[in-house]
Amino acid sequence: MFSGAKKILVVDDEKELTAIMSQALSSWGRMSIVQADSVDKALEILRQQHIDLVLTDIKMKDKSGYDLLNEIRVTDKKLPFIMISGQTNIYDDNRCSPEVFKSIYAFLEKPLKLAHLKATISKALADSQNQPKSK
């Protein structure tokens, strides 16, 4: 398990889903949740705050979770990214370079199973804690 409080950024343009996920994550303890309803808002938050993990939807109105990932990977190669989607063909998507695509920690399919989400987040945070902190 990871040590210390961690800050998770939840990005989804479906505000109800974001609120439910944030509430569930907060209830697990030792996690601080920051919400964004767009890629642009998420990028603004990432410029202003230290974030330990990003949980983002792939398909959103203006920009996608892939757009967010591409932007982040320019400056931060290590930030754990968990992507969620109702799509089933996410592995065939060409919106990321193969290198960036491979840097995604996990894909989770909607509807989310909270126990699986918790286990995936816990493992991602623990794994990232054991990596060197270079960007």
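Just the heavy atoms: all of them, side chains too, but no hydrogens, waters or symmetry mates, feed the values below. In what follows, residues are counted from 1 in the order of the sequence shown.
For Lys7, the side chain to side chain donor-acceptor pair (under 3.5 Å) partners at least two apart in sequence or on another chain are Gln49. Lys63 pairs by the side chain to side chain donor-acceptor pair (under 3.5 Å) definition with Asp40, not counting sequence neighbours. Remark: Asp13 engages no residue in a side chain to side chain donor-acceptor pair (under 3.5 Å) (not counting sequence neighbours).
More than 12 heavy atoms of other residues, nucleotides or ligands shown are found within 6.0 angstrom of NZ on Lys110.
Side-chain contact between Leu46 and Asp76 is absent, with no heavy-atom pair separated by less than 4.5 Å. A heavy-atom distance below 4.5 Å is found between the side chains of Leu117 and Ile121. At a threshold of 4.5 Å between non-hydrogen side-chain atoms, the residues Leu43 and Ile72 count as touching. Here the side chains of Lys6 and Leu53 are not in contact, with every heavy-atom distance at 4.5 Å or above. Looking at Phe107 and Thr120, their side chains never come closer than 4.5 Å, going by heavy atoms from C-beta outward.
Inspection of the Ser22 and Gln35 side chains reveals an N or O donor paired with an N or O acceptor under 3.5 Å.
Salt bridge absent: Asp37 and Lys41 never bring a charged side-chain N and a carboxylate O closer than 4.0 Å.
No continuous path of ILVMFWY side-chain contacts below 4.5 Å connects Ile20 to Leu112, so the two sit in separate hydrophobic clusters.
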